[in-house]
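Everything on this sheet refers to the single structure shown next.
Every chain is numbered from 1 and lettered A, B, ... according to where its sequence line falls, protein lines coming before strand lines.
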2 protein chains.
Amino acid sequence: MYICPMYSSELIKGTLRTIVLNLLKENGRMYGYEITQRVKELTDDKIQITEGALYPLLHALEASEDLETEVEFIGKRQRKYYRLTKQGKQTSKKKIDELREFMETLHILLDANKGTSHGLIN
Amino acid sequence: MYICPMYSSELIKGTLRTIVLNLLKENGRMYGYEITQRVKELTDDKIQITEGALYPLLHALEASEDLETEVEFIGKRQRKYYRLTKQGKQTSKKKIDELREFMETLHILLDANKGTSHGLIN
DNA sequence: CATCAATACATAAGTTTCTTATGTATATTT
DNA sequence: AAATATACATAAGAAACTTATGTATTGATG
């Protein structure tokens, strides 16, 4: 059990989109900053989404019509809420299933050749 | 249960290095083409490593001294075998642990808010 | 009350890591 | 003989991040 800060390195690549879609699926609607904080807190600081990654992604998902937005003002400060469109819900499901299956496949790969009694080499 | 060919899309990004290091850890030594075929067969064609991704990666891992090579000839055809160096074994372990932990974290994220009895929104 | 941290958005340049395309050559199958 | 499989390699391009930077409001703190 080591304490290291842990920046989940290059592994986020390819999974960020799915993480965001999943969060929106579970939470109905969220704004950008909220997403970064929620992920940080849910993962115990292990995954910290950078703004440079998140905002362009949200814009792209809006452009592809998977997300729709509504802007609200808290005092003078703006919040842009995102929610899944009907299409976005399908995309979300597809992406989440795909990620789950990919992780299963990875487990198969990582556990291959385990316990075949030729661990002499290591 | 759908039959689709399945190219694991952009998800491989960031995991390929770890997959290769793990295979070499389990198998002692392998050559490039063998790695592509083994992954293909272990994952039931779900992950197909492209040569354009693999060979540059192997070269990089050799340059960083995580891998060492020996060339053999089968008839006139050359095979370049790769194996983990001592350093490579450490790198391998680190990367594999990191990937396992990352996948655990992903599961936490994907399962967050499940069963909190407010699934009315979807 | 001034300053710093937190909240909230955004974009641009640069890097990493893949895909796609291409090339060379030997060996096997039809 | 031609197509497929084996076996290596590299280059151009795309995707998806990081790092850096910018603007502005709000809350906390000495």
Side-chain angles (χ1 to χ4, degrees), chain A residues 5-21 29-41 45 47-64 66-67 69-82 95 98-99 102 106, chain B residues 5-21 29-41 45 47-64 66-67 69-82 95 98-99 102 106:
Chain A
M6 189 75 182
Y7 24 81
S8 255
S9 59
E10 70 288 336
L11 292 173
I12 288 101
K13 284 207 186 191
T15 65
L16 183 57
R17 169 179 264 99
T18 308
I19 289 171
V20 169
L21 288 170
R29 67 168 207 170
M30 300 179 84
Y31 55 98
Y33 186 75
E34 188 185 8
I35 292 175
T36 65
Q37 297 309 301
R38 186 68 60 86
V39 168
K40 190 169 181 286
E41 134 202 341
D45 291 17
I47 298 181
Q48 299 206 27
I49 299 181
T50 61
E51 297 173 302
L54 182 63
Y55 290 114
L57 172 59
L58 289 173
H59 300 161
L61 285 170
E62 190 185 0
S64 66
D66 288 304
L67 300 183
T69 63
E70 48 191 310
V71 174
E72 283 185 19
F73 280 87
I74 310 299
K76 286 179 180 174
R77 189 156 58 191
Q78 126 176 330
R79 265 186 202 168
K80 203 161 161 188
Y81 279 97
Y82 291 87
K95 283 286 178 185
E98 197 178 302
L99 180 53
F102 181 70
L106 271 187
Chain B
M6 189 76 183
Y7 24 82
S8 257
S9 58
E10 70 290 335
L11 292 173
I12 287 101
K13 285 208 184 189
T15 65
L16 182 57
R17 169 179 266 98
T18 307
I19 289 171
V20 168
L21 288 170
R29 66 168 208 170
M30 301 179 82
Y31 56 99
Y33 186 76
E34 186 185 10
I35 292 175
T36 64
Q37 298 308 302
R38 186 68 62 86
V39 168
K40 190 168 179 287
E41 135 202 342
D45 291 15
I47 298 180
Q48 300 206 28
I49 300 181
T50 60
E51 296 172 304
L54 181 64
Y55 290 115
L57 172 60
L58 288 173
H59 300 161
L61 286 170
E62 190 185 2
S64 66
D66 288 305
L67 299 183
T69 63
E70 47 190 310
V71 175
E72 283 186 18
F73 280 87
I74 310 300
K76 286 179 181 177
R77 189 155 60 189
Q78 126 176 330
R79 267 185 199 168
K80 202 162 160 187
Y81 278 97
Y82 290 87
K95 283 287 179 187
E98 198 178 298
L99 180 52
F102 181 70
L106 271 187

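The Gln78(A) side chain lies nearest to dC9(C) when the options are dC9(C), dA16(D), dA27(C). With dA7(D), dT25(D), dT20(C) as the choices, the nucleotide that has an atom nearest any side-chain atom of Thr50(B) turns out to be dT20(C).
Atom CG in Leu54(A) sits about 11 Å away from atom C1' in dA8(C), given to the nearest Å. When the C1' atom of dA6(C) is taken as reference, atom NZ of Lys40(A) falls 11 Å away, rounded to whole Å. Put simply, NE2 on His59(B) is 16 Å from C1' on dT17(C), counting in whole angstrom units. If you measure from atom CG of Leu57(B) to atom P of dT19(C), you get 11 Å, rounded to the nearest angstrom. The distance from atom CD of Gln48(B) to atom P of dT6(D) is 13 Å, rounded to the nearest whole Å.
Comment: Lys95(A) engages Glu10(B) in a salt bridge, judged by a side-chain N to carboxylate O separation of less than 4.0 angstrom. Using a 4.0 Å cut-off between charged nitrogen and carboxylate oxygen, Lys80(A) and Glu34(A) do not count as a salt-bridge pair.
Both Gln37(A) and Lys13(A) lie near DNA chain C, and the one whose nearest nucleotide falls closer to the 5' end is Gln37(A).
Here the side chains of Gln48(A) and Thr36(A) are not in contact, with every heavy-atom distance at 4.5 Å or above. Put simply, the side chain of Met30(A) does not reach to within 4.5 Å of the side chain of Tyr81(A), judged on heavy atoms.
The side chain of Arg79(A) places an N or O atom within less than 4.0 Å of a non-bridging phosphate oxygen (OP1 or OP2) of dA8(C). For Tyr31(B) and dA7(D), the shortest distance from a side-chain N or O to OP1 or OP2 is below 4.0 Å. In terms of phosphate contacts, Lys80(A) brings a side-chain nitrogen or oxygen within less than 4.0 Å of OP1 or OP2 of dA10(C). Close to dA9(D), at under 4.0 Å from its OP1 or OP2, lies no side-chain N or O of Tyr55(B).
At the heavy-atom level, Glu34(A) lies nowhere under 4.0 Å from the strands shown. Note on Gly75(B): only backbone sugar-phosphate atoms sit closer than 4.0 angstrom, heavy atoms only; bases stay farther off.
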